[in-house]
There are 2 protein chains.
Amino acid sequence: MGSERHVDSCEELFRACGMPLTIQRRIIFEELSQRSDHPTADQIFQSVQDRLPGLSRTTVYRVLEALVEAGLIQRICHPGATARYDANMNRHHHVVCLKCQRVIDLHSSELDALAVPKGLDGSFRVLDVSVHFRGLCAECQEKQDTANLA
Amino acid sequence: MGSERHVDSCEELFRACGMPLTIQRRIIFEELSQRSDHPTADQIFQSVQDRLPGLSRTTVYRVLEALVEAGLIQRICHPGATARYDANMNRHHHVVCLKCQRVIDLHSSELDALAVPKGLDGSFRVLDVSVHFRGLCAECQEKQDTANLA
DNA sequence: TTTGACAATGAATACCGTTCGCAATAAAGT
DNA sequence: ACTTTATTGCGAACGGTATTCATTGTCAAA
């Protein structure tokens, strides 16, 4: 199996950040890394419970917060009142459904090349740029249309 | 005073949406329209209390939700676990501080002209585009620097 | 202008997401 | 292995948001 390399890089990653690598942190980080659906803390908690019996919700929140602080993951920008996380730290863009609040990744080299407007870079230190397309996903369009018929 | 025109437009706006215009809705909407700091529901509640004695927090949440539904205001995309609102429905962009989560508006005709990538427009109905610059605001850079010295 | 249908408000309460304090536990370096 | 130090788990607390229901207010028709 080629998974040992991943394990190694996980340990190196944490060591480089100066944070102890616990089982909880490893599994939560690996789980988030394998997903691309920008889960909430609770969704992570659910899908990790079988691998971490007795895991506390509190720990999930604390681990995610610590990973954000360390720069290993990010909290994404989205409408709505629940924090969502993303382990993809490469530049990418987002498609946001205003109805169901789903967030879908979008890769585009054209958009990646966006220049930072002058005037901004003076006081503000830009670390990343992402383009948000907001609107209605296919499912929600359908729901809306059928609702209009009724 | 030229404020009567605004009052008129407010009434027309609500009528066009088919929603009764109450004092609460008018004042909450006007308050949000005059601000550009993307306040939370509670911040709106605070700054409107003197004009609306006996106002309930519940009403603020309901009014903001109704205004979003009607398309008169929008819930902005941001990191963090509290909903923030914006009455500026013109296309504009956002500068987000990852530390203090402040959101600043950015106007740029270059960015406004962004093309929607093909492939997206098939299933997803794009209603708006906005560019997010994420990083550290001047204040938070300062705090971080002084923290590093200690 | 009054009236009536209907929708919005306020108060209390319940709910969900998140954070805190503290005792028990586990990781990393010696 | 041992010690230091940080992390975990639990329970409770907290803040933001949604819900229920009686009361009040809006709008338009009479």
Side-chain angles (χ1 to χ4, degrees), chain A residues 7-8 10-29 31 38-70 72-73 75-76 78-85 99-101, chain B residues 7-8 10-29 31-32 38-49 51-70 72-73 75-76 78-85 101:
Chain A
V7 171
D8 284 353
C10 197
E11 278 165 356
E12 282 166 23
L13 227 51
F14 278 76
R15 181 155 316 165
C17 295
M19 68 189 320
L21 177 54
T22 64
I23 312 105
Q24 291 86 346
R25 283 176 177 170
R26 165 179 282 157
I27 294 190
I28 289 172
F29 180 59
E31 170 70 18
H38 315 286
T40 65
D42 200 67
Q43 288 174 320
I44 290 284
F45 175 69
Q46 303 289 349
S47 54
V48 141
Q49 244 175 340
D50 50 341
R51 271 169 288 169
L52 289 172
L55 174 66
S56 164
R57 235 179 278 269
T58 310
T59 300
V60 178
Y61 285 107
R62 272 187 300 217
V63 166
L64 289 171
E65 173 63 20
L67 293 174
V68 169
E69 281 292 313
L72 294 178
I73 67 172
R75 217 193 264 248
I76 64 166
H78 73 112
T82 315
R84 287 166 180 277
Y85 299 89
K99 260 284 192 289
C100 68
Q101 306 204 341
Chain B
V7 170
D8 284 354
C10 197
E11 278 165 356
E12 283 167 22
L13 227 51
F14 277 76
R15 181 158 313 169
C17 297
M19 70 190 318
L21 176 55
T22 63
I23 311 105
Q24 290 86 344
R25 283 176 175 169
R26 164 177 283 155
I27 294 189
I28 289 172
F29 179 60
E31 172 69 19
L32 187 61
H38 316 286
T40 65
D42 200 66
Q43 287 173 321
I44 290 285
F45 176 69
Q46 303 289 349
S47 53
V48 143
Q49 245 174 341
R51 271 168 289 169
L52 290 172
L55 173 66
S56 164
R57 239 180 274 269
T58 309
T59 301
V60 178
Y61 286 107
R62 272 187 301 219
V63 166
L64 290 171
E65 173 63 22
L67 293 175
V68 170
E69 281 293 311
L72 294 179
I73 67 172
R75 219 193 262 250
I76 64 166
H78 74 113
T82 314
R84 287 167 180 276
Y85 299 90
Q101 307 203 339

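Order of the sequence lines fixes the chain letters, A, B, ..., with proteins taken first and strands second; residue numbering starts at 1 for each chain. Quick caveat: nothing in here was measured; it's all calculated off a predicted structure.
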> Starting at the 5' end of DNA chain D, which residue's closest nucleotide do you reach first, Val63(A) or Thr22(B)?
Replying inline: Val63(A)

> Pick the nucleotide of DNA chain C nearest each of Pro20(B) and Pro53(B); which residue has the one closer to the 5' end?
Replying inline: Pro20(B)

Whole angstroms only, please: what is the [atom1]-[atom2] distance between [X] and [N]?
X        : N       : atom1 : atom2 : result
Arg15(B) : dT26(D) : CZ    : P     : 14 Å
Glu69(B) : dT17(D) : CD    : P     : 16 Å
Phe14(A) : dA6(D)  : CZ    : C1'   : 14 Å
Leu21(B) : dC27(D) : CG    : C1'   : 11 Å
Leu52(B) : dT24(D) : CG    : C1'   : 15 Å
Ile44(B) : dT17(D) : CD1   : C1'   : 16 Å
Ile27(A) : dA27(C) : CD1   : C1'   : 16 Å
Met19(B) : dA28(D) : CE    : P     : 14 Å

> Of all the nucleotides listed (dT9(C), dC27(D), dG9(D)), which has the minimum atom distance to the side chain of Arg25(B)?
Replying inline: dT9(C)

> Considering only side-chain heavy atoms of Leu55(A), which listed nucleotide, dA27(C), dC27(D), dG9(D), is closest?
Replying inline: dG9(D)

> Quantified as the angle between the terminal helix axes (five pairs each), what is the overall bend of the helix from dT1(C)-dA30(D) to dT30(C)-dA1(D) to 10 degrees?
Replying inline: 40°

So how far is it from [X] [atom1] to [Y] [atom2], rounded to the nearest 0.5 Å?
X         : Y        : atom1 : atom2 : value
Ile28(B)  : Ile44(B) : CD1   : CD1   : 7.5 Å
Ile76(B)  : His38(B) : CD1   : NE2   : 5.0 Å
Arg62(B)  : Glu65(B) : CZ    : CD    : 11.5 Å
Gln101(B) : Arg84(B) : CD    : CZ    : 7.0 Å
Leu32(B)  : Leu67(B) : CG    : CG    : 8.0 Å

> Looking only at heavy atoms, which two atoms of Phe29(A) and Leu72(A) are closest? And how far apart?
Replying inline: CE1-O, 4.0 Å

> With respect to the phosphate group of dG9(D), does any side-chain polar atom (N or O) of Thr59(A) fall under 4.0 Å of OP1 or OP2?
Replying inline: yes

> Is there a side-chain polar atom (N or O) of Gln24(A) under 4.0 Å from OP1 or OP2 of dG9(D)?
Replying inline: yes

> Is there a donor-acceptor pair closer than 3.5 Å between any side-chain N or O of Arg26(B) and the backbone N or O of Cys10(B)?
Replying inline: no

>> Check whether Arg75(B) reaches the backbone of Pro79(A) with its side chain - one donor and one acceptor, N or O, closer than 3.5 Å.
In response: no

>> A quick test of your reading: do over 12 heavy atoms of other residues, nucleotides or ligands sit less than 6.0 Å from CZ of Arg51(A)?
In response: yes

Distances under 3.5 Å between nitrogen or oxygen atoms of protein and nucleotides 15-22 of chain C:
{"from": "dT18(C)", "atom 1": "OP1", "to": "Ala83(A)", "atom 2": "N", "distance (Å)": "2.8"}
{"from": "dT18(C)", "atom 1": "OP2", "to": "Tyr61(A)", "atom 2": "OH", "distance (Å)": "2.9"}
{"from": "dC20(C)", "atom 1": "N4", "to": "Thr58(A)", "atom 2": "OG1", "distance (Å)": "3.4"}

